[in-house]
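These notes concern the structure reproduced below.
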Number of protein chains: 2
Amino acid sequence: MTAPLDVSETELVLLTDLYQLTMTQAYWKEAMAERATFSLFFRRLPPTRRFMLACGQQHAATLITRLRFGEAQLAQLAATGLFEAAFLDWLGEWRFSGDIWTLPEGTPVFADEPLLEVEAPIAEAQLLESLVMNLVQLETLLASKAVRLVIAARGRPVVDFGLRRMHGVDAALRGVRAYRTAGLEGTSNVLGGLRHDLPLRGTMAHSYILAHDDEAEAFAAFARYYPNTTLLVDTHDTLAGVDQVIALLEAHPERRLGAIRLDSGDLGDLAKEARRRLDAAGHREVKIIASSGLDEYQIAELVAEGAPIDGFGVGTQLGVSADAPVIDLAYKLVAYAGRPRVKHSPGKVNLPGPKQVYRRRDDDGRLIGDTLARRDETGLEGEPLLVPLVKDGRVDGDLVALADTARERVAASLAALPGTLKRLDPRGDDEEEYPVALSPGLERLRREVG
Amino acid sequence: MTAPLDVSETELVLLTDLYQLTMTQAYWKEAMAERATFSLFFRRLPPTRRFMLACGQQHAATLITRLRFGEAQLAQLAATGLFEAAFLDWLGEWRFSGDIWTLPEGTPVFADEPLLEVEAPIAEAQLLESLVMNLVQLETLLASKAVRLVIAARGRPVVDFGLRRMHGVDAALRGVRAYRTAGLEGTSNVLGGLRHDLPLRGTMAHSYILAHDDEAEAFAAFARYYPNTTLLVDTHDTLAGVDQVIALLEAHPERRLGAIRLDSGDLGDLAKEARRRLDAAGHREVKIIASSGLDEYQIAELVAEGAPIDGFGVGTQLGVSADAPVIDLAYKLVAYAGRPRVKHSPGKVNLPGPKQVYRRRDDDGRLIGDTLARRDETGLEGEPLLVPLVKDGRVDGDLVALADTARERVAASLAALPGTLKRLDPRGDDEEEYPVALSPGLERLRREVG
C-alpha cells in the first residue's frame with residue numbers, strides 16, 4: 001500500500017513523460033544525432049507579478065550532469081514493451097554530454113527571456129524536458145512569491161512558516177532554497193533549513209497552551225526551557241496573554257524573552273497595544289512577531305500604518321504561491337542541425353535560435369531595459385546575462401560559485417529594479433511593461449524563419 | 001551548491017517545524033506523558049469545491065509507523081544547541097506508539113469532518129503535526145481536483161499530463177497516487193505511473209515534428225516504431241495534419257494508429273472536422289484525443305456540445321489544483337489527559353474530543369447527510385466512517401487492504417453523491433450545503449467545553 005518517499009539519483013531519470021523516452025528512441029533509430037537547442041522560458045508573467053526571480057535553473061543543470069539509468073530502471077522500461085534492447089543498452093551508457101547556459105539564480109526575469117538553454121544531441125536535450133520544467137518551475141515560483149514578502153516588509157525579517165501547506169516533501173525542501181535566495185531570514189522547517197542553510201526559527205503552538213491547565217503555567221515552562229524564545233499570546237485573549245507575559249517577567253526578572261507572537265485578530269491594533277503595555281512595563285527588548293494567514297498586501301498595510309511589528313511569519317500564501325501557483329513555462333526546440341526552428345502558433349510569438357539577454361542600466365545602475373538577442377550576435381549594449389554553466393556534460397567549476405551569490409544578487413537586484421517593478425499591485429493596463437526589445441539580429445531571424 | 005533530492009526515512013522525521021521539536025522536549029521535561037488526541041480537518045471547502053476527496057491519510061499513517069531518528073539527525077539537532085542530551089537519547093529510542101483513526105482513502109469529506117485522528121502520548125502526537133499536514137494536503141488536493149475532471153468527462157478517459165507543472169518531485173509522484181484513486185485512466189509520468197500502478201500513456205511533442213524536415217516524415221517514422229501510437233497533428237495546421245495522417249494510412253494500409261491528438265485551436269470544431277475526414281477515409285478506429293490547457297469546465301463544455309473527442313489529457317490546471325492550490329487544514333488538540341480541550345476563536349467553531357462521522361443514506365443508497373459525533377457515542381444512525389488503521393504504533397494488517405479499494409470506493413461514491421454535489425460550478429448562496437449535523441452528544445460537549 002505505501003510507497004517510499006525517497007527518489008534515488010537513478011530513479012530521477014525516469015521522472016519524465018513517456019513521450020520523451022519514445023521520442024528519444026525514435027531519434028536514436030533514425031540516427032538523428034545532430035545538436036539541438038531547447039530554450040526554457042515563459043510567455044507571460046502571471047497577472048499578479050511584475051517580474052519573476054529565476055531560481056532553480058543552476059540547481060537543475062547540475063543535477064542533470066548526474067543523471068543515469070540504472071539496471072532497475074532499464075528493466076522497468078523493458079517491461080513496458082516499447083523499447084528495443086539495443087536502445088536500452090544505449091540508455092545504460094548514457095551520460096549528458098551537452099552544454100547548458102543559464103541565467104544566474106536570483107536574476108529578475110521577464111517574458112520570453114530564457115532561464116536556461118540546453119544544447120546537446122537532440123535525443124539528450126529532449127529527454128530532459130519534463131524534469132527541467134518541474135525542477136525550475138518550483139523554485140522560480142516560490143522565490144518570486146517570497147521576494148514580494150521581502151519587498152512588503154521593508155527591512156523587517158520575514159520567516160517561512162509554510163511547510164504544512166506546501167505540495168509535498170520535495171517542494172518543502174527546495175522551497176527553502178528558493179526562500180533563502182529571495183531573502184527570507186529564516187524558516188520553521190527543520191530539514192529544509194538544515195539542508196539549504198537558512199536559520200531555523202520557532203515559537204510555540206496553541207496546542208502547547210491548551211495542554212496546560214493555564215496559560216501562565218505554559219508560558220513559564222517554555223520560557224524556562226528556551227531563553228530568548230517567542231511566546232504565542234492569542235490562545236485565549238491576546239492582550240490578557242500579553243499581561244501574562246509581563247507578569248511572568250516581573251516574577252522572574254532573570255528571564256530573557258525574545259518576542260511575543262500575535263496570530264489572530266486585528267494585528268495592527270493588537271501590536272500597538274501590546275507594544276504599549278510591554279514598554280510601560282519596561283520590556284522594550286521584547287519584540288513582536290505577527291503571523292495569521294499573512295500575504296504581501298497585509299504586510300505592506302501593517303508596515304504602512306506603522307504597526308510596531310518586528311517580524312512576520314508567513315505560511316499558506318507563500319508555500320504554494322497561492323495567487324500564482326503555476327507559470328506557463330515552455331521548453332521549446334529553437335534550433336536543430338545548425339538551423340533555427342520554430343513552431344507557428346496563432347497569437348504566440350516563438351523566437352528561433354539560441355539566445356542571449358542583454359540587460360541595460362542607467363548611470364545610477366538602475367535597470368532600463370533588456371535586449372533579447374541571438375547568442376552569436378555581437379556589439380550589443382548591456383550586460384549579457386546567460387552564462388555557460390555546463391560544458392560537454394560537466395559543470396564548469398568556476399561557475400558553481402555563481403549560485404552561492406544568488407542571495408546577494410537578489411538584494412542588489414532589488415536596489416536596481418525600477419520602482420514600478422517593485423509595486424505589489426497588478427500592473428494596470430495604462431502602465432508600461434518593463435521593456436524587452438528584440439535585437440536587430442533576432443528580429444531579422446524571426447522574419448526569416450517565422 | 002546542489003543538494004540531493006532524495007529524503008531517507010530517517011531524514012523524514014526532521015521534516016517538521018522547529019516548534020514541534022521544542023514543544024516535544026518541553027512536554028518531556030515536564031513529564032507530560034498523558035495521551036492526547038489531535039484531529040485533522042478543514043474548516044471550510046474551497047469556494048470552487050462542493051466536496052473534497054480524502055486522500056493520503058492512510059499513506060501518511062503508515063509512514064508514521066516507520067519514522068525514527070538516526071544518529072545523523074540527532075547530531076544535527078544537538079548542533080542547534082536547543083536540545084538536551086537526555087532528550088536526544090529519548091528521541092533516538094522513539095517509535096510511534098499511538099493509535100491512528102482515518103477516513104478510508106477516497107471518501108468524500110466535508111468541513112469539520114476529521115480525515116485522521118492521532119491518539120498518543122502528547123509529545124508523540126505533537127511531533128507529527130507538520131509532516132501529516134504536508135502529506136495529506138497534497139494527495140487530498142490533487143484527488144479532489146482530479147475527480148472533477150472525471151465527472152466532467154462523463155466516462156471518457158482522462159489522462160494526467162501534468163508532471164512538468166507540479167510542485168517538485170514528491171508532488172509529481174504522490175500526485176499520481178491521488179489521480180489513480182480519483183479515477184484517472186493513465187499518466188504520462190513514467191516514475192509516478194510505475195510506482196503507483198497507473199498505466200503509462202504518451203503521444204509525441206511538437207519538437208519531434210519540428211526536428212524533421214516535414215511533418216509527413218515525422219509521422220511516418222513514429223507510426224512505424226510505435227504501432228497504435230497517437231500522432232500530434234497541430235504543429236503547423238491541424239486539419240492539414242489530419243490529412244497527412246490519412247495519407248500515411250493510405251500509403252501504408254498495414255499500419256495501425258491509435259489516435260490523433262489536438263493541442264490548440266477550437267477543439268470542438270476541429271474534432272468534428274477531423275472525425276469527418278477520418279471517417280470519410282474509412283478510419284473510424286482512429287480516436288481523437290484533446291489537450292491544451294484543459295480544465296473541468298472546458299471538458300464539460302466539449303462533452304455537452306457533442307465533440308467527438310475520445311479522451312482528454314490534462315496538465316497545468318490539474319497538477320497544482322490551480323483554482324484551489326491549498327486547503328486550510330488544521331491539526332488541533334481536541335483532548336488531553338482524558339479531558340476534551342478546545343481553542344476559542346472568534347468566528348470559528350472548534351469541536352472538542354475524539355470523533356466519529358456517521359454517513360446516512362436513503363433507500364437507494366444515496367447520501368443524505370452526515371452526523372459528526374463523539375467517538376464514544378452509540379446508537380447513531382448511519383455508517384461510521386473513521387476506521388482504526390494504526391494500533392499501538394502498528395498498522396493493523398487487516399486494514400491495509402482498505403487503501404487498495406480506494407479507487408473502487410471513489411467510483412461507488414460518485415454514484416451515491418447527490419447530483420448537486422457533482423455540479424462543477426461553485427455553490428450558489430441560495431443552494432444548501434450538504435448537511436453535516438452535530439450529534440446530541442457532541443453538541444452537549446461543545447456547550448460544556450466551549
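Throughout, protein chains are lettered first and strands after them, A, B, ... in sequence-line order, and every chain is numbered starting at 1.
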*Examine whether an atom of B:Arg165 lies under 4.5 Å from a heavy atom of chain A, and if so say whether it belongs to the side chain, the backbone or both; otherwise answer neither.*
both
*Where on A:Ile122 is there a heavy atom nearer than 4.5 Å to chain B: the side chain, the backbone, both, or neither?*
side chain
*Which portion of A:Gln20 sits near chain B, non-hydrogen atoms under 4.5 angstrom*: side chain
*Which portion of A:Leu163 sits near chain B, non-hydrogen atoms under 4.5 angstrom*: both
*asked:* Can you tell me which portion of A:Glu34 sits under 4.5 Å from chain B's heavy atoms? Options are side chain, backbone, both or neither.
replied: neither
*asked:* Looking at A:Arg224 and B:Glu30, is any side-chain nitrogen of the basic one under 4.0 Å from a carboxylate oxygen of the acidic one?
replied: no
*Tell me, for A:Leu138 versus chain B, whether the close heavy atoms (under 4.5 Å) come from the side chain, the backbone, both or neither.*
side chain
_Choice from A:Thr316, A:Leu21, A:Leu173, A:Asp328 maximising heavy atom contacts with chain B below 4.5 Å_ = A:Asp328
*Against chain B, label A:Asp197 side chain, backbone, both or neither, depending on which of its atoms sit under 4.5 Å from a heavy atom there.*
neither
*Please look at A:Phe38 and chain B and tell me whether the side chain, the backbone, both or neither of the residue comes under 4.5 angstrom of a heavy atom of that chain.*
side chain
*Contact origin within A:Ala36 toward chain B - heavy atom pairs under 4.5 Å*: neither
_chain B contact via A:Glu11 - which portion, at a heavy-atom distance below 4.5 Å_ = both
*If you measure from the Lys or Arg side-chain nitrogens to the Asp or Glu carboxylate oxygens, is any gap between A:Glu129 and A:Lys332 under 4.0 Å?*
no
*Please determine, among B:Asn134, B:Val326, B:Leu18, the option with the most heavy-atom pairs under 4.5 Å with chain A.*
B:Asn134
*Salt-bridge test for A:Asp213 and B:Arg339: reply yes if a basic N is under 4.0 Å from a carboxylate O, no otherwise.*
yes
_chain B contact via A:Leu82 - which portion, at a heavy-atom distance below 4.5 Å_ = both
*What part of A:Arg201 is in contact with chain B, defined as an atom under 4.5 angstrom from a non-hydrogen atom: side chain, backbone, both or neither?*
backbone
_Can you tell me which portion of B:Leu210 sits under 4.5 Å from chain A's heavy atoms? Options are side chain, backbone, both or neither._
both
*Region of A:Gln126 that comes under 4.5 Å of a non-hydrogen atom in chain B*: side chain
*Heavy atoms only, distances under 4.5 angstrom: which of A:Gln25, A:Glu139, A:Lys29 has the most pairs with chain B? Name it, please.*
A:Lys29
*Name the region of A:Tyr208, side chain, backbone, both or neither, that has any atom closer than 4.5 Å to a heavy atom of chain B.*
both
*So what's closer than 4.5 Å to chain B heavy atoms on A:Thr80: side chain, backbone, both or neither?*
side chain
